[in-house]
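Position 1 is the first residue of the sequence, and the numbers go up from there. Just so it is clear, the model here is predicted, and its values are computed rather than measured.
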Amino acid sequence: MSRFSDLDIGLVVVGHGRHYLVETPEGRRVNCRPRGKKSDCVVGDRVRWAITGDEGVIEQVEPRRNLLFRQDEWKTKSFAANLDQLLILVAVEPVFSESQLARALIAAESAGISTTIALNKTDLPGVQLARERLAPYRAMGQEVIEVAFKADPVGSTALLQPWLRGKATLVLGPSGTGKSTLINMLIPDANAQVGDISQALNSGRHTTTTTKWYWLDDERKTGLLDSPGFQEFGLRQIEPLQLPGLMPDLRKHAETCKFYNCTHQHEPGCGVRAALERGEINASRYRIYGEILQELGGKRY
């Protein structure tokens with residue numbers, strides 16, 4: 001048994017630098033710092049902590065069910081831990097990056113987190129093009145829902161609430177897709193909560209650069225996590241040979257390759273390239289695979 005097992009357990013709901021807000025099972029929020037110089041807590045962590053003076057000290061992070069993060073050659077950036085599901089928000093306008101979408105899905109697949117894509121602003125004229133770009137994702141079994149937060153908040157809320165109920169859901173998406181609209185639609189006092197968090201952490205507006213945990217219900221069973229936007233989504237945590245297994249449309253055809261270590265770029269008897277030629281794998285998806293493989297150090301011919 002851990003020497004920390006008799007300490008209070010809490011939920012990390014937001015962090016800024018070395019300051020964290022830890023929520024007790026009763027709903028009280030305490031400003032905490034980690035013991036020592038290293039700070040490896042993320043929002044969603046369950047931690048063991050103790051009071052020292054007028055704040056708390058985090059002594060131990062409990063084992064995680066999962067962790068969603070991105071990694072480039074310089075640094076690792078964690079979004080959140082212990083998630084039940086991920087909502088990837090894209091929009092008709094601005095036109096979404098399919099590469100960023102694919103990367104987020106690969107990171108979630110690697111972490112074992114289920115995903116749903118939400119296409120927002122479906123009241124706008126470009127909706128048909130957006131649907132066509134998402135068609136390969138539907139075809140490979142990815143759940144895609146359509147919403148219009150500003151044009152139809154009632155219908156959008158009715159669609160999302162049963163899916164969110166009782167789970168911890170991280171919302172991921174670039175700026176301009178409607179994340180703030182979604183948060184304010186589902187959580188009327190969200191802006192007030194952000195103000196309270198900023199005051200508690202003495203961090204001003206910088207809380208926009210970190211994931212924040214909101215409760216959608218008084219019982220604190222349904223958690224919605226708002227993540228900061230990102231420009232790049234590195235996947236350096238993944239080995240090149242793992243990559244096809246994390247892309248469902250490639251995975252099922254990779255099983256028919258002649259060579260077990262096929263890169264699906266040049267080898268004879270490649271099931272993936274044969275499926276591409278038959279039109280069973282989308283050309284854009286295959287191109288994104290090649291780009292990521294090259295980043296990961298896999299050979300490209």
Side-chain angles (χ1 to χ4, degrees), residues 1-69 78-87 113 160-161 164-172 179-180 182-228:
M1 183 178 288
S2 164
R3 64 191 175 95
F4 302 122
S5 58
D6 57 343
L7 295 178
D8 290 330
I9 196 161
L11 170 70
V12 177
V13 292
V14 73
H16 177 68
R18 287 175 46 77
H19 295 263
Y20 298 89
L21 275 189
V22 174
E23 186 178 278
T24 70
E26 301 77 41
R28 188 166 60 98
R29 292 186 169 185
V30 181
N31 196 349
C32 292
R33 293 173 185 247
R35 173 77 68 192
K37 292 183 179 178
K38 196 176 177 200
S39 173
D40 58 356
C41 297
V42 303
V43 171
D45 270 334
R46 268 67 180 177
V47 295
R48 298 280 178 178
W49 67 281
I51 284 285
T52 60
D54 59 353
E55 63 177 19
V57 174
I58 296 170
E59 299 283 4
Q60 183 185 55
V61 177
E62 294 288 280
R64 294 167 175 152
R65 285 191 293 134
N66 54 51
L67 174 67
L68 185 71
F69 66 101
S78 296
F79 290 104
N82 301 312
L83 297 168
D84 293 310
Q85 55 190 13
L86 177 65
L87 182 68
I113 302 167
L160 284 171
Q161 279 182 331
L164 295 168
R165 191 170 295 126
K167 294 181 177 176
T169 306
L170 175 71
V171 183
L172 202 62
K179 277 196 302 175
S180 297
L182 167 65
I183 298 295
N184 290 318
M185 183 177 78
L186 295 175
I187 313 157
D189 66 339
N191 288 332
Q193 286 191 47
V194 170
D196 292 342
I197 288 167
S198 298
Q199 193 171 12
L201 295 180
N202 194 25
S203 59
R205 59 192 174 83
H206 295 295
T207 48
T208 54
T209 64
T210 186
T211 301
K212 295 182 286 293
W213 183 299
Y214 300 97
W215 292 112
L216 298 191
D217 55 346
D218 294 337
E219 298 78 26
R220 292 183 296 120
K221 300 286 186 188
T222 302
L224 189 66
L225 289 76
D226 179 23
S227 66

- Note on the structure: So NZ of K212 and CG of L225: to nearest 0.5 Å the spacing works out to 10.5 Å
- Item | Minimum heavy-atom distance A50-L7, with the two atoms named | CB-CD2, 4.0 Å
- Item | Check: T222 side chain, G166 main-chain N or O, donor-acceptor pair, under 3.5 Å | yes
- Message: Apply side chain to side chain donor-acceptor pair (under 3.5 Å) to residues E55 and W49 and explain how you reach the verdict.
- Response: CA-CA 10 Å; E55 63 177 19; W49 67 281; over 6 Å; no
- Query: Are Y20 and I58 side-chain neighbours, meaning at least one heavy-atom pair lies under 4.5 Å?
  - Reply: yes
- Item | Exercise: identify the closest heavy-atom pair between L86 and I113 | N-CG2, 4.0 Å
- Using a cut-off of 6.0 Å, state whether more than 12 heavy atoms not belonging to D218 lie near its atom CG. no
- Item | Where V57 and P34 come nearest, the two heavy atoms and their spacing | CG1-C, 4.5 Å
- Can you measure from CZ (R29) to CH2 (W213) and round to the nearest 0.5 angstrom? 10.0 Å
- Would you call V13 and V22 a side-chain contact if the rule is heavy atoms closer than 4.5 Å? no
- Are more than 12 heavy atoms from other residues, nucleotides or ligands located less than 6.0 Å from atom CZ of R64? yes
- Just one of L172, T169, L224, L170 clears the side chain to side chain contact (heavy atoms under 4.5 Å, CB included) bar with L87, so which one? T169
- Message: Minimum heavy-atom separation for F79 and S227, please, with both atom names.
- Response: CD2-CB, 4.1 Å
- Task: Indicate the atoms forming the closest heavy-atom contact of R220 with E26, along with that distance.
- Result: NH2-C, 3.3 Å
- Query: Which one of I51, L21, D8 satisfies the side chain to side chain contact (heavy atoms under 4.5 Å, CB included) criterion with V30?
  - Reply: I51
- Could you check T211 against V14 for side chain to side chain contact (heavy atoms under 4.5 Å, CB included), going step by step and ending with a plain yes or no? CA-CA 6 Å; T211 301; V14 73; over 6 Å; no
- Checking side chain to side chain contact (heavy atoms under 4.5 Å, CB included) against N82, which of V42, V12, D45 comes through? D45
- Message: Return the CD to CG distance between Q85 and L164, rounded to the nearest 0.5 Å.
- Response: 6.5 Å
- For the residue pair L67 and A81, what are the closest heavy atoms and their distance? CD1-CB, 4.1 Å
- Item | Stepwise side chain to side chain contact (heavy atoms under 4.5 Å, CB included) check, C41 with V47 | CA-CA 8 Å; C41 297; V47 295; 4.3 Å; yes
- Point-to-point distance, once rounded to the nearest 0.5 Å, from OG1 of T52 to CD of E59: 8.5 Å
- Between R65 and D84, is a salt bridge (charged side-chain N to carboxylate O under 4.0 Å, His left out) present by the stated rule, with each step listed? CA-CA 9 Å; R65 285 191 293 134; D84 293 310; 3.2 Å; yes
- So how far is it from R46 CZ to E62 CD, rounded to the nearest 0.5 Å? 10.0 Å
- CG-NZ distance between L216 and K167, expressed to the nearest 0.5 angstrom: 13.5 Å
